[in-house]
Every structure is written in structure tokens, then in C-alpha cells.
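Throughout, protein chains are lettered first and strands after them, A, B, ... in sequence-line order, and every chain is numbered starting at 1. The structure displayed is predicted, hence computed values, not measured ones.
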Number of protein chains: 2
Amino acid sequence: MKLSTRGRYGLKAMYQLALHYGEGPIPLNTIADKQGLSENYLEQLVSTLRREGFLNSVRGAQGGYMLAKSPKDITVGDILRVLEGDMAPADCVVDHNVICEKEEVCVTKLVWMQIKDSINNVIDSISLQDMLDEQVKMDKEKLKV
Amino acid sequence: MKLSTRGRYGLKAMYQLALHYGEGPIPLNTIADKQGLSENYLEQLVSTLRREGFLNSVRGAQGGYMLAKSPKDITVGDILRVLEGDMAPADCVVDHNVICEKEEVCVTKLVWMQIKDSINNVIDSISLQDMLDEQVKMDKEKLKV
DNA sequence: AGAATACCAAGCGATTTAGTTGGAATTAAA
DNA sequence: TTTAATTCCAACTAAATCGCTTGGTATTCT
């Protein structure tokens with residue numbers, strides 16, 4: 001039940017961009033460097049996020065990427081679903097799936113649905129803005145000590 | 001974020017055994033047939049569950065497997081953790097892990113922790129007995145219609 | 001003109017998954 | 001006492017997936 005690097009790196013990259021929201025385009029190599037990721041690999045993830053409308057890009061020198069919406073309007077769920085697909089622990093509870101129509105007997109399906117719902121509740125309730133706020137809170141805590 | 005077949009088949013097998021709890025050993029081929037799984041593959045999963053104390057076995061003719069405890073004392077979480085490992089979406093939130101001690105900066109880690117906690121809450125709250133009860137409820141609903 | 005960037009598609013080694021195969025040990029039943 | 005049914009164990013394997021890398025094109029600022 002692990003996330004792949006797609007989801008994990010993708011969230012890190014989006015968080016990095018949230019940190020600089022409103023400051024114009026940030027080039028990919030900067031993001032990759034700050035988060036310690038392969039630029040070439042990250043490119044694939046970022047290109048998906050752009051196609052899905054969560055990022056804007058500017059080509060050419062001084063170009064880069066920026067969030068397409070405010071950090072408060074992008075959730076962890078948005079990002080993970082784009083990069084990892086539907087967050088379902090089994091194929092039979094993937095949205096709009098057609099297979100497995102023998103719902104009558106399958107008690108295990110109820111279990112997978114509950115897992116899926118709880119995951120989605122969490123990730124849809126956390127926005128990038130929430131993560132920024134959390135970071136600020138953590139920094140304050142650290143100062144006290 | 002999919003479960004592997006280990007967790008999925010394993011839960012089905014354990015549920016099948018719960019259906020016949022107290023009736024003596026059930027041979028593996030019966031379980032495999034009823035749930036439509038490969039007997040040889042299932043053997044590996046079942047052997048893990050036995051080693052971890054959730055199943056008892058009887059060797060020889062008329063032998064088979066049976067739950068080592070009452071269905072109400074075995075949770076979905078028990079089964080999934082044995083077969084899938086710690087239910088953590090990322091390595092940095094696996095129990096007792098040593099890597100990633102840079103907790104101070106990593107906001108994403110907080111996200112993975114919340115996902116992990118919500119998954120574990122769900123799977124630890126569902127016992128095999130709950131699944132049996134659910135099945136009974138579903139059967140009753142069906143009769144009404 | 002040149003450098004810095006985004007964009008695109010294909011390839012690729014390593015690992016994991018989902019089994020299979022082949023056998024040895026044990027036990028009930030014929 | 002043989003035979004059939006079963007658990008138990010370890011090794012092997014084909015296919016898929018993962019986590020990238022490579023190589024190139026298009027665009028835009030300086």
C-alpha cells in the first residue's frame with residue numbers, strides 16, 4: 001500500500017511552488033534542486049499536472065512553472081489523484097469501474113470502500129495552503145525551544 | 001496505492017474460514033475453489049498467517065486450516081499488516097523506521113502520517129465478525145426486495 | 001546569436017508481482 | 001499396510017511496473 005514516487009515527488013514539487021505562489025514562473029531545475037529530485041523525471045510529473053490544469057508554464061529563458069490556482073484551491077487529493085490515479089485499494093472500488101458487478105456477495109468490497117473513503121476524506125481536506133500554515137506553525141514551535 | 005493480491009486474497013481466505021469457524025479444519029483447495037484463487041499461491045499467504053498466529057493447521061488427510069481465534073478477535077488490520085507490511089503510504093512513516101530523521105522540515109510527512117492513521121483506524125475497527133454480520137444484513141436486505 | 005528553458009517520446013535496467021513447480025512430511029481412511 | 005489427501009517448504013520464472021535516462025525539438029529572453 002505504498003504511494004509511488006510520482007505522488008510523493010509531485011506533492012513535494014507542488015508544495016515548493018506554493019511556497020513561491022505569486023512570484024512568477026519557477027524553473028524546473030530550481031524545484032528539483034530544492035527538493036532533491038531528478039529534474040528529468042520531475043518533468044514528467046509536472047507535465048501531467050499542467051495538462052490537468054493545476055499548473056501554468058512559461059516557455060523560454062526565464063520561464064518555468066507556477067500554480068494555476070491559489071494554494072487554498074488545490075488539495076493533496078487533487079495532486080495525488082492526477083499522479084497516482086483513483087486512490088482505491090482495489091480495482092473493484094475504482095470510480096466508474098465496470099468489472100466486478102457481483103456486488104451482492106462481496107463483503108470484502110465493503111472493506112475496500114471504507115478504506116478508500118477514509119483516504120479520500122483526508123487528502124481532500126488538506127490544501128497546499130494548509131501545508132504552508134503547518135510549516136509556519138512548525139517554525140514557530142522550533143523558535144520557542 | 002493499490003493493495004497487492006496478497007492482502008486481497010488473504011482477507012477473502014480468512015473471511016471464508018470465518019464463515020466456518022468452529023467446524024474443524026477446512027482444506028486449502030476448498031477455500032481456493034470457493035473464492036476462486038490459485039491454491040498454490042494461497043498456500044504462501046496462509047502459511048504466513050499461520051506463522052503469525054492467526055491460523056492453526058492440521059496436516060494429513062482430512063486436515064486443513066482454521067482460525068486460531070474467534071472472528072471477533074481478528075481484525076482486517078491484523079490480516080493486512082501481516083500480508084502487506086505496515087500500512088504506510090511512504091517509507092518515512094513506517095513504524096520504527098530509522099531513515100528520514102529530518103522531521104523538522106518535512107511537511108509532506110505530516111500528510112503521509114494522516115493518511116496512514118486514517119487507514120489504520122478503519123482496518124483496525126473492522127473484525128471478521130463484523131464482516132459476517134454485514135453479510136447477514138445484506139442477505140436480509142435482499143430478501144425484502 | 002546564444003542560452004535557458006519547456007515540451008515530447010522512446011528506451012531501459014532493476015525490482016516487484018503473481019504466480020508455478022517439484023518435492024518431502026504427515027495423517028486419516030481403505 | 002498401502003494409498004490418498006493434505007500441509008509444508010524452497011526455488012524458479014514470466015510479466016508487469018517503477019524510476020528513471022536519453023535525445024531531441026520548440027520557444028523565448030538577453
Do the side-chain N or O atoms of Asn29(B) get closer than 4.0 angstrom to the phosphate oxygens (OP1, OP2) of dT6(D)? yes
Check the distance between dT7(D)'s C1' and Leu17(B)'s CG and give it to me in whole angstrom. 14 Å
Minimum-distance nucleotide (side-chain atoms of Gln44(A) versus dA18(C), dT21(D), dG19(D)): dT21(D)
How many whole angstroms separate atom CD of Glu39(B) from atom P of dC9(D)? 16 Å
Between CG of Leu42(B) and C1' of dT6(D) the distance, given in whole Å, is 14 Å
Expected output is a numbered-order residue list: members of residues 52-63 of chain A with a heavy atom under 4.0 Å from any atom of DNA chain D. What is it? Arg59(A), Gly60(A), Ala61(A), Gln62(A)
Indicate, with yes or no, if Met1(A) and Val94(B) share a hydrophobic cluster defined by side-chain heavy-atom contacts under 4.5 Å among Ile, Leu, Val, Met, Phe, Trp and Tyr. no
If only atom types and distance count, is the side chain of Asp78(A) paired as donor or acceptor with the main-chain N or O of Thr75(A) below 3.5 Å? yes
Just the rounded figure in Å: distance from P of dT16(C) to CG of Leu3(B). 17 Å
Whole angstrom value for the distance that separates C1' of dT17(C) from CG of Asn40(B): 16 Å
Here the distance between atom P of dA18(C) and atom CZ of Arg8(B), to the nearest Å, is 7 Å
Can you tell me if the side-chain N/O atoms of Tyr9(B) get under 4.0 Å from OP1 or OP2 in dG19(C)? yes
So, for Ser125(A) and Asp130(A), which heavy atoms are closest and what is the spacing to 0.1 Å? O-OD2, 3.3 Å
Heavy-atom pair with the smallest gap, counting every atom of Leu42(B) and Ala13(B): CD1-CB, 3.9 Å
Nearest listed nucleotide, side chain of Glu43(B), among dC8(D), dA6(C), dC20(D): dC8(D)
Whole angstroms only, please: what is the CG-C1' distance between Leu45(A) and dT21(D)? 14 Å
Is there a side-chain contact between Val76(A) and Ile79(A), using heavy atoms and a 4.5 Å cut-off? no
Would you mind writing out the side-chain donor-acceptor pairs for residues 81-89 of chain A within the sub-3.5 Å range, not counting sequence neighbours?
| residue | atom | partner | partner atom | Å |
| --- | --- | --- | --- | --- |
| Arg81(A) | NH1 | Asn120(A) | OD1 | 2.7 |
| Arg81(A) | NH1 | Asp124(A) | OD1 | 3.4 |
| Arg81(A) | NH2 | Asp124(A) | OD1 | 2.5 |
| Glu84(A) | OE2 | Ser4(A) | N | 3.0 |
| Glu84(A) | OE2 | Ser4(A) | OG | 2.8 |
| Glu84(A) | OE2 | Gly7(A) | N | 2.9 |
| Asp86(A) | OD2 | Asp95(A) | N | 2.8 |
| Asp86(A) | OD2 | Lys116(A) | NZ | 3.0 |

Would you indicate which nucleotide in dG19(D), dC8(D), dA6(C) comes nearest to any side-chain atom of Thr5(A)? dG19(D)
Taking 4.0 Å as the cut-off, does a side-chain nitrogen or oxygen of Tyr41(A) come that near to OP1 or OP2 on dC12(C)? no
Whole angstroms only, please: what is the CD1-C1' distance between Ile26(A) and dT5(C)? 14 Å
Would one find a side-chain N or O of Arg50(B) under 4.0 angstrom from OP1 or OP2 of dT7(D)? no
Are Ile126(B) and Leu19(B) joined in one hydrophobic group, where the rule is that I, L, V, M, F, W and Y side chains link up if heavy atoms are under 4.5 Å apart? yes
Reckon Ser47(B) has a side-chain N or O less than 4.0 Å from the OP1 or OP2 of dC9(D)? no
